Amino acid sequence: MTSLLADFYPWTKVLHVISVIAWMAGLFYLPRLFVYHAERIETGSETDELFQTMEVRLLRAIMNPAMIATWIFGLMLAFTPGIVDWTAVWPYTKAAAILAMTWFHHWLGKRRKEFVRGENTRSGRTYRMMNELPTLLLIVIVVSVIARPF
Ligand code: HEM
């Protein structure tokens, strides 16, 4: 099994990076939709319904599968022999940022359901601020996994 993982290593990494890009696209775009949904759209209007459709499609068709694929290929890389030096610090800074990213994904999912019920209480400003979180986490992850300064 481990030698199979070693044979597929470059392709696993290709699939990991492709799924990461798709996941990140959604993590950047969904809070942006929430900003406009919270600031500009009247609850119960046709535009409200249109935004709900865009949000649910983005989450279900792109973000959920991309997150699952990122985890599967990432774990396959982590189990590939000789790839991760577990005595270094970078795997743990990366892991902490990944957990935060996964938490953020679920936080967005809960906010989407509030919009569906017409119960959003958060302002556009809050969603604007939360929109910065995936950028910060992305920086921590990419520095951890590529520059490995620690
Ligand atoms: C979800 C769980 C994740 C796990 C278990 C995981 C694990 C890994 C592992 C073990 C590697 C291989 C490192 C190597 O080849 O030396 C890797 C590569 C990489 N990961 Fe992840 N990762 C995850 C999520 C992410 C996320 C969310 C991002 C970006 C936001 C990301 C970005 C990258 C990049 C850019 C590489 C390629 C680095 C290189 O060129 O070697 N990963 N990942």
Side-chain angles (χ1 to χ4, degrees), residues 1-40 50-117 119-150:
M1 180 67 187
T2 50
S3 83
L4 209 63
L5 284 175
D7 289 345
F8 283 114
Y9 169 68
W11 292 106
T12 313
K13 193 140 95 171
V14 164
L15 294 170
H16 180 59
V17 172
I18 292 171
S19 8
V20 159
I21 291 169
W23 189 23
M24 294 307 303
L27 289 171
F28 288 134
Y29 190 40
L30 189 55
R32 207 59 228 167
L33 285 176
F34 288 169
V35 169
Y36 295 115
H37 204 159
E39 282 181 352
R40 308 263 177 97
L50 177 65
F51 265 71
Q52 286 181 32
T53 307
M54 292 193 292
E55 289 157 2
V56 75
R57 296 226 172 121
L58 181 62
L59 196 67
R60 297 223 176 119
I62 296 174
M63 294 172 67
N64 287 346
M67 177 183 67
I68 292 166
T70 303
W71 269 98
I72 291 173
F73 297 123
L75 288 174
M76 283 169 71
L77 289 170
F79 283 110
T80 304
I83 294 305
V84 181
D85 172 9
W86 296 104
T87 62
V89 177
W90 73 263
Y92 304 98
T93 50
K94 179 171 177 177
I98 291 165
L99 290 177
M101 200 84 99
T102 306
W103 169 83
F104 183 60
H105 178 111
H106 287 95
W107 184 84
L108 291 174
K110 284 188 194 149
R111 302 294 76 82
R112 187 195 73 77
K113 286 186 181 149
E114 285 174 356
F115 276 111
V116 171
R117 295 194 301 266
E119 289 173 2
N120 172 56
T121 51
R122 289 169 177 82
S123 64
R125 191 177 131 79
T126 303
Y127 289 119
R128 261 197 198 90
M129 277 162 46
M130 288 307 269
N131 211 358
E132 303 304 329
L133 188 63
T135 311
L136 295 176
L137 296 173
L138 173 70
I139 292 168
V140 173
I141 291 174
V142 174
V143 169
S144 297
V145 83
I146 294 181
R148 302 183 182 184
F150 17 70

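Quick caveat: nothing in here was measured; it's all calculated off a predicted structure. Just so you know, ligand 1 is whichever comes first in the structure, and atom 1 is the first atom listed for that ligand. Along the sequence shown, residues are numbered consecutively beginning with 1.
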Minimum-distance protein heavy atom relative to [atom]:
atom	value
atom 26 (C) of ligand 1	Val20 CG2, 3.7 Å
atom 36 (C) of ligand 1	Val145 CG1, 3.9 Å
atom 2 (C) of ligand 1	Ile98 CG2, 3.5 Å
atom 5 (C) of ligand 1	Gly74 C, 3.3 Å
atom 11 (C) of ligand 1	Leu77 CD1, 3.6 Å
atom 39 (C) of ligand 1	Lys13 NZ, 3.4 Å
atom 20 (N) of ligand 1	Lys94 NZ, 2.6 Å
atom 30 (C) of ligand 1	Leu138 CD1, 3.5 Å

Against heavy atoms of [X], which atoms of ligand 1 measure under 4.0 Å?
X	result
Leu75	5 (C)
Val84	10 (C)
Trp23	27 (C)
Met24	30 (C)
Ala78	10 (C)
Ile83	12 (C), 13 (C), 14 (C), 15 (O), 16 (O)

So, do Phe34 and Phe115 have ring centers that fall under 6.0 Å from each other?
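Ring-ring flag for Phe34/Phe115: true, centres closer than 6.0 Å.
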Please confirm whether [X] approaches ligand 1 to less than 4.0 Å, judged on its heavy atoms.
X	result
Ile141	yes
Arg148	yes
Tyr9	yes

Decide side chain to side chain contact (heavy atoms under 4.5 Å, CB included) for His105 and Asn64; before the verdict, give the C-alpha distance in whole Å, the side-chain angles of both, and the deciding distance to 0.1 Å.
CA-CA 9 Å; His105 178 111; Asn64 287 346; 2.7 Å; yes
Do [X] and [Y] come within less than 4.5 Å of each other through their side chains, counting heavy atoms only?
X	Y	value
Trp71	Leu75	yes
Met76	His16	no
Tyr127	Asn120	yes
Arg111	Met130	no

Does Trp86 offer a backbone N or O that forms a donor-acceptor pair with the side chain of Tyr92 under 3.5 Å?
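Judged by distance alone, yes, a pair lies under 3.5 Å.
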Under 3.5 Å: N/O of His16 near N/O of ligand 1
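There is such a contact, yes.
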